[in-house]
Amino acid sequence: MSVRVRFAPSPTGYLHVGNARTALFNWLYARHHQDGKLILRIEDTDKERSTKEFEQGLIDDLKWLGMDWDEGPDVGGEHGPYRQSERDDTYQTYQKQLQEKELVYRCFCSQEELKQRREAALAAGKPPKYDNRCRDLSNEQIASFETEGRVCVWRFKVPVGRVITFDDAVRGEVRFDCDTMGDFVIFKGDGGPTFHFSVVIDDHLMQINHVIRGEDHLSNTPKHILLYEAIGAEPPKYGHLPLILGSDRAPLSKRHGKTSVRQYREMGYPPEAVINYLSLLGWSPKDNREVFKPEDLISIFSIDNLNKSGAVFDVEKMGWISAQHMKEKNPKEILEHAMPALIEAKKVSEPLSAEESDRLEKMVAAVRSGLRYYNQLPEQMDLFMNDEFEIAEAEALEVLKQEHVAPLLKEFSQKVSELDDYSNESIKGCFKAIQKETGIKGKNFFLPVRLSLTGQLHGPEIVDVFPALGKERLLKRIDRVRNLYVEAGT
RNA sequence: GACCCUAUCGUCUAGCCCGGUUAGGACACAGCCCUUUCACGGCUGCGGCGCGGGUUCAAAUCCCGCUGGGGUCGCCA
């Protein structure tokens with residue numbers, strides 16, 4: 001039997017990195033197996049909070065991460081529809097079945113009553129579970145509640161004295177005593193199914209045979225197993241992933257910083273880097289490698305290598321992973337991806353001429369080392385953009401004040417005007433010649449040169465600045481600095 | 001509170017199942033090297049088996065207890 005897994009998000013916000021990782025592991029699991037299928041299902045039974053915009057956002061972000069699925073609301077499939085909001089009839093059918101089998105009953109307790117009882121139980125140090133009080137209502141009582149106009153929900157009769165055990169793919173055998181569980185709601189007052197019901201019906205009908213989901217569902221699993229039993233179906237194999245935590249080891253939330261894939265996407269992290277980092281949270285290939293392309297992950301992923309304990313999300317490490325992926329890209333590629341950010345920052349405007357993009361690529365080549373994400377580029381490229389830079393730093397002004405600077409830059413300007421070949425060798429040759437002629441070397445040479453070119457004490461390799469600027473701008477810069485900042489001398 | 005899950009450097013983790021390792025790697029941090037400079041890269045260092053019992057010649061590894069963290073106990077999913 002081929003693997004069928006699913007990712008079932010609720011469209012109530014942007015894709016959270018925790019959900020993204022759940023999706024990722026499902027995707028990797030499906031793609032790792034011959035003929036494995038991934039199903040995307042939208043769990044929008046919460047009508048209050050679900051929106052179409054978020055649904056589209058989820059799909060966009062998943063696609064951006066490089067994942068694909070075989071069935072889903074956008075691609076169709078033979079087990080649809082893939083939005084729970086469109087599956088009401090199906091749920092009704094199964095609800096009737098359970099009614100006929102007398103596995104469910106109507107509960108007329110109001111939400112306020114339930115809340116009060118929960119709080120009272122908690123205060124008394126008792127488990128705040130539902131007390132099953134509507135389980136054996138007489139027909140008269142039901143009739144009386146109905147005439148009162150009370151809304152009812154349907155609850156599932158949790159068997160007494162049962163222990164549910166299942167073999168979790170990441171945790172091993174897990175057991176739950178049904179007596180610690182109250183009868184739970186499977187149909188809400190608004191007539192819609194609860195998560196517990198819809199998830200089981202859908203997973204069953206969509207023939208999902210492996211459910212890989214977050215650890216927050218571990219304690220819900222016995223309920224789901226009970227429901228499978230109730231509809232006469234075989235439960236899937238479960239695997240519960242550890243949670244992703246913030247730096248204080250509380251579940252990762254907004255107060256810890258950026259938690260949605262969209263935010264990292266907007267910062268310009270490459271998707272394969274995000275995937276790579278997420279894959280390392282709760283999973284390890286067991287050897288010492290940790291930089292992987294998506295296809296590598298697919299081939300080496302194994303559900304057996306999953307971790308049991310929560311993992312703290314560390315942006316720092318994600319940045320390092322990302323830098324490793326950035327290294328694999330050539331300047332042209334980086335430039336393409338960084339264009340939106342560059343345009344946004346008004347560093348460039350489209351369309352680009354061939355020369356412009358050629359020059360931009362050279363700028364990228366000069367500043368790319370250590371780059372973690374695309375949106376770092378506009379700032380990095382600042383020094384190439386404005387030829388009329390100010391030099392305000394005291395230390396820099398100090399350097400330019402030195403006596404030898406005027407003759408040095410004069411000579412530098414002269415040599416640059418004669419130089420047309422911007423290969424490393426040729427530029428270094430040019431430097432050597434100036435050093436020989438002026439007798440100025442080391443810092444005394446390079447610092448003024450750097451300042452005349454970029455206005456800054458730090459920056460990329462000087463030799464990389466040449467092709468990035470081109471002769472005209474090189475000369476413009478040098479001469480401008482000579483005029484404005486260097487003591488008139490020789 | 002009950003039930004369930006979980007615990008190796010600050011962080012991600014390997015090792016645990018099948019007891020014997022100088023407990024390995026990576027991020028971060030510190031130092032050194034490379035470099036005109038920052039970054040990159042290279043090298044070195046710092047740093048860990050939550051606690052207490054037990055079993056054993058020997059425990060990160062097996063058992064028990066405790067403690068810490070998390071989850072569930074919702075007409076949210």
Side-chain angles (χ1 to χ4, degrees), chain A residues 8-12 19 43-46 48-50 84 107 109-111 114-115 118 121-130 151-155 168 170-172 174-177 179-182 184-196 198-199 213-223 240 242-243 245 247-251 277 280-291 305 307-321 323-324 327 367-371 380 431 441-450 454 456-462:
Chain A
S10 286
T12 56
N19 289 133
E43 307 221 322
D44 53 356
T45 53
D46 183 347
E48 304 284 303
R49 299 193 300 143
S50 303
Q84 292 188 328
C107 165
C109 301
S110 73
Q111 302 206 45
L114 290 168
K115 193 179 166 203
R118 257 197 305 277
L122 230 27
K126 287 183 189 145
K129 61 171 189 175
Y130 178 63
V151 179
C152 79
V153 300
W154 289 88
R155 286 186 187 266
D168 191 273
V170 346
R171 278 148 227 283
V174 181
R175 37 196 317 136
F176 285 90
D177 186 342
D179 293 348
T180 64
M181 237 188 292
F184 53 92
V185 176
I186 63 163
F187 259 85
K188 303 188 266 192
D190 64 5
T194 61
F195 157 74
H196 300 300
S198 55
V199 80
R213 52 163 35 164
E215 191 188 349
D216 44 340
H217 290 305
L218 189 62
S219 305
N220 291 147
T221 304
K223 295 184 182 117
H240 288 92
L243 262 25
L245 315 173
S247 48
D248 56 358
R249 304 204 77 86
Y277 177 65
L280 262 17
L281 254 25
W283 172 83
S284 134
K286 306 277 181 197
D287 54 28
N288 286 333
R289 293 176 303 159
E290 47 186 13
V291 180
N305 292 354
N307 253 110
K308 296 181 177 69
S309 57
V312 173
F313 186 86
D314 179 12
V315 188
E316 205 48 67
K317 178 119 188 197
M318 183 164 88
W320 180 82
I321 294 276
Q324 306 308 306
K327 270 187 207 165
V367 299
R368 58 172 301 189
S369 77
L371 208 60
Q380 298 280 315
F431 287 169
K441 286 180 222 167
K443 282 192 172 187
N444 286 335
F445 174 85
F446 282 102
L447 249 31
V449 162
R450 173 178 292 283
T454 67
Q456 291 171 12
L457 259 2
H458 308 297
E461 298 280 346
I462 290 289

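Just so it is clear: chains get the letters A, B, ... in the order the sequence lines come, proteins before strands, and each one is counted from 1.
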Would you check if the side chain of [X] reaches a backbone N or O of [Y] as a donor-acceptor pair within less than 3.5 Å?
X: A:Asp44; Y: A:Gln84; answer: yes
X: A:Lys129; Y: A:Phe184; answer: no
X: A:Arg450; Y: A:Pro460; answer: yes
X: A:Arg249; Y: A:Val312; answer: no
X: A:Asp168; Y: A:Val170; answer: yes
X: A:Tyr277; Y: A:Phe313; answer: no

Would you say A:Lys443 has more than 12 foreign heavy atoms packed within less than 6.0 Å of its NZ?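 Not more than 12 within 6.0 Å, no.
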> Crowded around A:Lys188 NZ? As in, over 12 foreign heavy atoms under 6.0 Å?
Replying inline: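 More than 12 heavy atoms, drawn from other residues, nucleotides or ligands, come within 6.0 Å of this atom.
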Grab the [atom1]-[atom2] distance between [X] and [N] for me, whole Å please.
X: A:Phe313; N: B:C27; atom1: CZ; atom2: P; result: 17 Å
X: A:Asp179; N: B:A2; atom1: CG; atom2: P; result: 16 Å
X: A:Asn288; N: B:C27; atom1: CG; atom2: C1'; result: 14 Å
X: A:Asp314; N: B:U11; atom1: CG; atom2: C1'; result: 5 Å
X: A:Lys443; N: B:C38; atom1: NZ; atom2: C1'; result: 12 Å
X: A:Ile321; N: B:G25; atom1: CD1; atom2: P; result: 17 Å

[N] versus [M] - spacing of their [atom1] atoms, nearest Å:
N: B:G50; M: B:A59; atom1: P; answer: 15 Å
N: B:A26; M: B:C46; atom1: C1'; answer: 16 Å
N: B:C17; M: B:C63; atom1: P; answer: 9 Å
N: B:U8; M: B:C49; atom1: P; answer: 11 Å
N: B:G10; M: B:A58; atom1: C1'; answer: 32 Å
N: B:G25; M: B:U44; atom1: P; answer: 9 Å
N: B:G15; M: B:C9; atom1: C1'; answer: 14 Å
N: B:A39; M: B:A60; atom1: C1'; answer: 39 Å

Partner of [N] by Watson-Crick or G-U wobble geometry, both contacts under 3.5 Å, or none?
N: B:G20; value: B:C57
N: B:G52; value: B:C64
N: B:C3; value: B:G71
N: B:C76; value: none
N: B:C27; value: B:G10

_Residue whose closest nucleotide on RNA chain B lies nearer the 5' end, A:Gly442 versus A:Val174_ =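 Final value for this comparison: A:Val174.
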More 5' along RNA chain B: A:Gly459 or A:Arg289, using each one's nearest nucleotide?
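That would be A:Arg289.
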Give every pair of a protein N or O atom and an N or O atom of nucleotides 7-9 of chain B that lie under 3.5 Å apart, one pair per line with the distance.
none

Closest nucleotide among [options] to the [X] side chain:
X: A:Glu316; options: B:A28, B:C4, B:C12; value: B:A28
X: A:Ala311; options: B:C38, B:C12, B:G71; value: B:C12
X: A:Leu243; options: B:C5, B:G70, B:C27; value: B:G70

[X] near the nucleic acid: base, sugar-phosphate alone, or nothing, with a heavy-atom cut-off under 4.0 Å?
X: A:Arg175; answer: sugar-phosphate
X: A:Leu281; answer: sugar-phosphate
X: A:Gly192; answer: nothing
X: A:Leu245; answer: nothing
X: A:Leu457; answer: base

Would you say [X] and [Y] make side-chain contact, with heavy atoms under 4.5 Å?
X: A:Thr221; Y: A:His240; answer: yes
X: A:Thr45; Y: A:Thr194; answer: no
X: A:Pro242; Y: A:Ser309; answer: no
X: A:Ile186; Y: A:Lys223; answer: no

ask   = Under the side-chain contact (heavy atoms from CB on, under 4.5 Å) test, which residues partner A:Val153, sequence neighbours left out?
value =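 In terms of side-chain contact (heavy atoms from CB on, under 4.5 Å), with neighbours along the sequence ignored, A:Val153 is linked to A:Cys107, A:Arg155, A:Val185.
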Polar atom pairs between nucleotides 39-43 of chain B and protein, under 3.5 Å, N or O only, would you list them?
from  : atom 1 : to       : atom 2 : distance (Å)
B:A39 : N3     : A:Ser369 : OG     : 3.1
B:G41 : OP1    : A:Lys327 : NZ     : 2.9

Test side chain to side chain contact (heavy atoms under 4.5 Å, CB included) on A:Arg171 and A:Glu215; report intermediate values, then the result.
CA-CA 10 Å; A:Arg171 278 148 227 283; A:Glu215 191 188 349; 3.7 Å; yes
Restricting both atoms to N or O, compile the protein contacts to nucleotides 46-50 of chain B shorter than 3.5 Å, with distance only.
none

Stepwise, does the side chain to side chain contact (heavy atoms under 4.5 Å, CB included) test hold for A:Ser10 with A:Phe195?
CA-CA 10 Å; A:Ser10 286; A:Phe195 157 74; over 6 Å; no
### Spacing of A:Ile321 atom CD1 and A:Glu316 atom CD [to the nearest 0.5 Å]
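Spacing of CD1 (A:Ile321) from CD (A:Glu316) equals 12.0 Å.
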Using a cutoff of under 3.5 Å, can you pull out all pairs of nitrogen or oxygen atoms linking the protein to nucleotides 15-22 of chain B, with atom names and distances?
from  : atom 1 : to       : atom 2 : distance (Å)
B:G15 : OP2    : A:Lys286 : NZ     : 3.2

In B/S/- notation (B base, S sugar-phosphate only, - none; protein heavy atoms under 4.0 Å), nucleotides 72-77 of chain B written 5' to 3' is SBSBBB
